[in-house]
Structures are given as C-alpha cells and as structure tokens.
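When reading the values below, keep in mind they use all heavy atoms of this one structure, side chains included, and skip hydrogens, waters and symmetry mates. Letters A, B, ... mirror the listed sequences (proteins, then strands); counts begin at 1. In this text the structure is predicted, and so the values were computed from the model without any measurement.
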There are 2 protein chains.
Amino acid sequence: MNLSPRPSDATMLAHDRVYRRLRTRIMHGDLPPGHPLTLRGIGTEYGVSMTPAREAVRRLAAEGALTMSTSGRISTPALSNDRIEELAALRALIEVELASRALPRAHLALIERLQSINASVGEAVAQRDAVAYIRTNLEFHRTLYLRAQAPAMLAMAETVWLQMGPTMRALYGRLRRTEAPQFHRLIIAALRAGDEPGLRLAVRSDVTQGLRMLVG
Amino acid sequence: MNLSPRPSDATMLAHDRVYRRLRTRIMHGDLPPGHPLTLRGIGTEYGVSMTPAREAVRRLAAEGALTMSTSGRISTPALSNDRIEELAALRALIEVELASRALPRAHLALIERLQSINASVGEAVAQRDAVAYIRTNLEFHRTLYLRAQAPAMLAMAETVWLQMGPTMRALYGRLRRTEAPQFHRLIIAALRAGDEPGLRLAVRSDVTQGLRMLVG
DNA sequence: GCAGCCCGCTTGTGATCACAAACCCCACAT
DNA sequence: ATGTGGGGTTTGTGATCACAAGCGGGCTGC
C-alpha cells in the first residue's frame with residue numbers, strides 16, 4: 001500500500017518540474033517569439049544542473065514549443081504566416097471535434113463554469129493583460145474539451161496551443177480590444193440549446209478569429 | 001557561404017541518430033506493444049552512452065511513441081481500445097484534410113508513384129510481412145500528404161502513426177488478408193477524377209478500416 | 001504447496017567535467 | 001562609414017559517476 005505522504009504536490013523529479021514551468025510560461029505567451037534560452041540559464045533559474053534542463057528543453061522541442069537551430073541554440077519559435085495558418089486549421093479541426101464530443105455530456109454546471117471563466121476573460125481584456133487573456137481563454141477551451149473524454153485529442157490541441165503561445169502573445173499584445181470575445185457567448189448558447197452545428201460553427205469561428213486579425 | 005562537405009548523410013549528433021532509428025522501428029511496428037527498453041541497453045545497441053539514449057527516449061516519450069511508468073521504466077505503449085478509437089479519429093480528421101489540400105497539386109507523376117507504392121503494399125500483404133506492409137502503407141500516405149505542403153499537419157499525422165506503430169503490428173500480425181487494400185485504389189481513382197468528396201471518403205475509409213477489424 | 005519477505009542487482013536520475021563549435025564583439029583596414 | 005578578420009567567451013554535446021528506488025528471484029515459515 002502506498003501511503004503517499006505528500007499527495008498534494010507534484011512529482012519531485014527535477015526535469016519534470018522544469019518542463020512544466022517552462023511549458024506554462026510558453027503556452028501563456030510569457031516569452032516573445034524568437035526568445036533565446038540557454039541550458040545553463042534555465043538550470044540556474046530553476047536551481048538544477050544542465051542535465052534536467054536539457055531533458056525539459058528536449059521534450060519541449062519535441063512538442064514544437066521550442067526550436068533548436070542546427071548548432072543546438074534554443075529559442076521560442078518564430079512562426080511564418082503559412083505555419084500560423086496551418087496551426088489555426090489544426091485547431092479548427094481538432095477543437096471542433098472535441099467540442100462536438102463534449103456537447104452530449106455538457107450539463108448545466110459545466111455551462112455555468114464556462115460563463116464564470118468567460119467573465120475572467122473579459123476582465124483580462126479590459127485590463128489589457130495579454131498573458132491573463134491567453135491563460136483564461138485557454139482555460140475556457142480546456143474546461144469544455146475535458147468533457148469530451150478524449151485525452152489524446154486534448155493533448156494534440158494543447159500541443160498546438162503550445163506552438164502558438166509566443167506568437168499569440170505578440171498578436172494580442174499589439175491588438176487593442178475592449179470587448180470580451182463574442183464567439184465564447186455563441187459557444188455557450190449553442191451548448192445550452194444542444195445545437196451541434198451551431199457549436200461547431202462557433203468554435204471554428206472563435207479559433208480562427210485570431211488568424212484573420214493577423215493575415216487580414 | 002556554407003560548403004557543407006558531407007551534404008548526403010545526416011546529422012552526426014549521436015542522440016539524433018538514436019532517435020531516428022528508434023522512431024523508425026517503432027513506427028513500422030518492429031516492437032510489440034508493452035515491449036520494455038532500457039537506457040543502457042539502447043546505449044549499448046547503438047554504441048553511445050546513456051546520455052544520448054536518454055535524450056532520444058525522452059523525445060520519443062514526448063511524442064507518445066514510448067511510455068514511461070511512474071518509476072521511469074520505458075516501454076512501447078499498450079493502447080486501450082478507447083485510445084485506439086481516438087487516434088483513428090485523429091487520423092481521419094487530419095489525413096482527410098491533408099489529402100484534400102494535396103488534391104489540387106496532385107499531378108500525373110504523383111498518381112503513378114502512388115500506384116507503384118501500392119503495388120509494393122500488395123506484395124507485402126501477399127508475403128504476410130506485417131512490418132513491410134506498415135512501412136509501404138505509410139509511405140503511400142506520406143507521399144500523398146507531402147503534396148499538401150503542410151508540414152505541421154504532416155508532423156501531427158506522423159505522431160499519430162508513431163503512437164499506433166506497435167499496436168498496428170499486433171493488429172496486422174493476427175490479420176490474415178490476401179488482397180491489397182481496396183481503399184488505396186479508391187484514393188487513386190478520386191485523385192485522377194479530381195473528385196474531392198470521393199477522396200475525403202476514401203481516405204476516411206482507409207484510415208478507419210483497421211479500427212473496424214479490431215473493435216468489431 | 002504457497003504466501004510473504006528480504007536482499008541483491010538492475011534501472012533511471014542528476015551532477016560534473018572535458019571538449020569542440022559557434023557566436024559575439026572589437027579592432028583594423030579599406 | 002563599412003566590411004572583414006580574429007580571439008575570447010559562451011554554448012550544446014556526450015561520457016562518467018554516485019545514488020536512490022524498484023523490480024525480481026529465492027528463501028523462509030506456515
């Protein structure tokens with residue numbers, strides 16, 4: 001029997017701690033595109049040696065959250081417009097499916113929670129806080145998709161978010177909006193009505209709206 | 001100016017060599033599901049120390065090609081039926097999109113090459129060679145999808161293939177078929193006719209056929 | 001015969017080090 | 001002013017080692 005004396009906190013493995021903290025920072029847009037990182041710098045920052053730093057970086061690079069030049073230099077990805085269009089298309093494909101699978105399981109408590117999160121999104125927008133906006137926006141989507149009971153699909157969607165993190169920050173950083181996202185309200189309305197085609201359209205619109213701002 | 005004295009062969013980095021060779025073996029179904037691996041064993045096999053072996057394993061684990069138990073033991077993934085269904089659905093979503101994007105760029109030379117590869121698939125089936133079947137089958141799909149000019153989507157599709165590699169081997173290993181895949185011919189016919197709905201249906205059918213064998 | 005325990009060996013983890021390559025910056029020349 | 005060369009310095013890579021945890025096999029006791 002495993003008594004698990006410290007069940008609350010996470011794994012004590014150093015590389016995993018470094019990985020999770022770096023991943024969160026990247027996904028939330030804490031780092032701008034092309035931002036350089038060093039193994040020794042990461043190690044110093046998180047109080048570990050180069051070895052776990054290297055493993056965390058390697059893992060993030062495998063997920064597309066970091067890029068490594070031919071000489072091994074580490075930086076956050078600076079995406080081309082074509083790459084952004086692709087990633088947006090992937091988001092549309094995967095997240096529409098996730099939303100569709102979540103719809104039959106979406107009960108009232110979930111919908112109310114989504115509304116609460118969406119209020120936080122509105123606050124972040126009002127305060128011009130790009131990182132808070134990205135974080136709460138992703139929390140909105142993840143909360144919905146968790147109901148789909150499709151962990152592999154959710155992992156894929158999060159991988160796409162991760163790749164877009166730095167770019168999203170740059171994108172929303174130069175955007176000056178004042179109103180909360182309109183499509184979130186459409187998503188919530190479609191969930192209430194059990195309207196699957198409407199839900200698919202609303203999710204697709206929400207996911208690709210950022211693209212239009214950039215390319216258009 | 002970079003003269004690049006040895007442009008033909010690949011990177012000389014040890015961890016990358018180990019990664020690529022392991023990845024190929026896993027994707028082609030060389031290893032059965034749940035097969036255990038050790039860092040020291042991998043290092044000995046490829047003539048490197050534990051360090052590059054660890055990096056290769058970490059990278060493959062990030063892509064879902066290997067799983068690590070809570071105690072760090074390494075093995076190929078043994079997928080549940082739910083997980084298989086999810087991965088098949090992901091293949092359907094992504095690969096249908098890739099085929100659709102490849103369609104307008106598919107000229108005659110590509111179609112003839114697909115027919116040639118499909119002949120190899122038929123040979124592999126006739127010879128009951130599961131690994132050769134998986135390899136040529138994936139080559140068929142990758143050749144088509146390369147025309148889509150969508151590297152991020154292709155990478156996602158390959159990640160799914162990677163996760164299913166060991167399971168596919170177990171699947172086709174117990175399958176006793178004698179005829180070449182019917183849906184490949186439908187794909188080729190749809191490409192010739194420029195029939196996009198037909199192509200989407202054919203790709204979706206081809207991708208999900210294996211699922212029906214397993215679950216049904 | 002069988003369940004439970006214990007010890008030894010295998011395994012992953014993280015730190016440290018030597019090394020080679022790339023980068024950066026500044027001086028120098030045009 | 002601008003391009004070019006060089007050298008110190010930073011950086012990633014891979015090997016090696018100490019260590020702790022876990023798995024497994026064999027023994028003991030019932």
Side-chain angles (χ1 to χ4, degrees), chain A residues 1-7 9-23 26 31 33-78, chain B residues 1-7 9-23 26 31 33-78:
Chain A
M1 231 164 291
N2 184 358
L3 291 187
S4 177
R6 299 288 308 281
D9 69 352
T11 316
M12 56 192 117
L13 262 45
H15 68 88
D16 209 57
R17 273 198 327 252
V18 175
Y19 164 77
R20 275 197 307 269
R21 294 186 59 178
L22 264 180
R23 184 183 130 106
I26 295 170
L31 284 69
H35 183 81
L37 295 168
T38 66
L39 296 181
R40 288 171 177 85
I42 294 168
T44 300
E45 184 172 352
Y46 296 105
V48 297
S49 77
M50 285 174 55
T51 308
R54 225 196 313 186
E55 301 200 28
V57 165
R58 193 70 67 189
R59 189 170 167 189
L60 288 164
E63 295 174 347
L66 292 174
T67 62
M68 305 193 66
S69 75
T70 58
S71 68
R73 300 309 245 270
I74 308 157
S75 64
T76 54
Chain B
M1 232 161 292
N2 186 357
L3 291 186
S4 178
R6 299 288 309 281
D9 69 352
T11 316
M12 57 192 116
L13 263 45
H15 68 88
D16 209 57
R17 275 199 324 255
V18 175
Y19 164 76
R20 276 198 306 272
R21 294 186 57 178
L22 263 180
R23 182 183 132 105
I26 295 170
L31 286 75
H35 184 81
L37 294 170
T38 66
L39 295 181
R40 287 170 178 87
I42 294 169
T44 301
E45 183 172 352
Y46 295 105
V48 297
S49 77
M50 286 173 55
T51 308
R54 225 197 311 189
E55 301 200 27
V57 164
R58 194 68 68 189
R59 189 168 166 191
L60 288 164
E63 295 173 345
L66 291 174
T67 62
M68 305 192 66
S69 74
T70 57
S71 67
R73 299 310 242 275
I74 308 156
S75 63
T76 54

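- Distance D16(A) CG to dG12(C) C1': 14 Å, rounded to the nearest Å.
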Restricting both atoms to N or O, compile the protein contacts to nucleotides 20-24 of chain C shorter than 3.5 Å, with distance only.
none

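- Look at D16(A) and R23(A) and you find no salt bridge, because none of the NZ, NE, NH1 or NH2 atoms lies under 4.0 Å from a carboxylate O.
- Two residues are said to be in side-chain contact when any heavy atoms from C-beta on lie closer than 4.5 Å; V57(B) and L37(B) fail this criterion.
- Nucleic acid contact for T51(B): base, since at least one base atom lies under 4.0 Å from a heavy atom of the residue.
- Take the nearest nucleotide of DNA chain C for M50(A) and for M68(B): the residue whose nucleotide is more 5' is M68(B).
- Here E55(B) contributes atom CD and T51(A) contributes atom OG1; the two are 9.0 Å apart, rounded to the nearest 0.5 Å.
- Protein chain B touches strand DNA chain D; the 5'-most and 3'-most nucleotides with an atom under 4.0 angstrom of its non-hydrogen atoms are dT13(D) to dC23(D).
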Point to revise | Step-by-step side-chain contact (heavy atoms from CB on, under 4.5 Å) determination, T67(A) to T76(A) | key: CA-CA 6 Å; T67(A) 62; T76(A) 54; over 6 Å; no

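- A heavy-atom distance below 4.5 Å is not found between the side chains of R17(B) and Y46(B).
- Between A65(B) and P77(B) the shortest heavy-atom distance is O-CD, 3.2 Å.
- Put simply, the side chain of Y19(B) does not reach to within 4.5 Å of the side chain of R58(A), judged on heavy atoms.
- A distance of 9.5 Å separates CZ in R54(A) from CZ in R40(A), rounded to the nearest 0.5 Å.
- Backbone-only contact: L37(A) has heavy atoms under 4.0 Å from sugar-phosphate atoms and none from a base.
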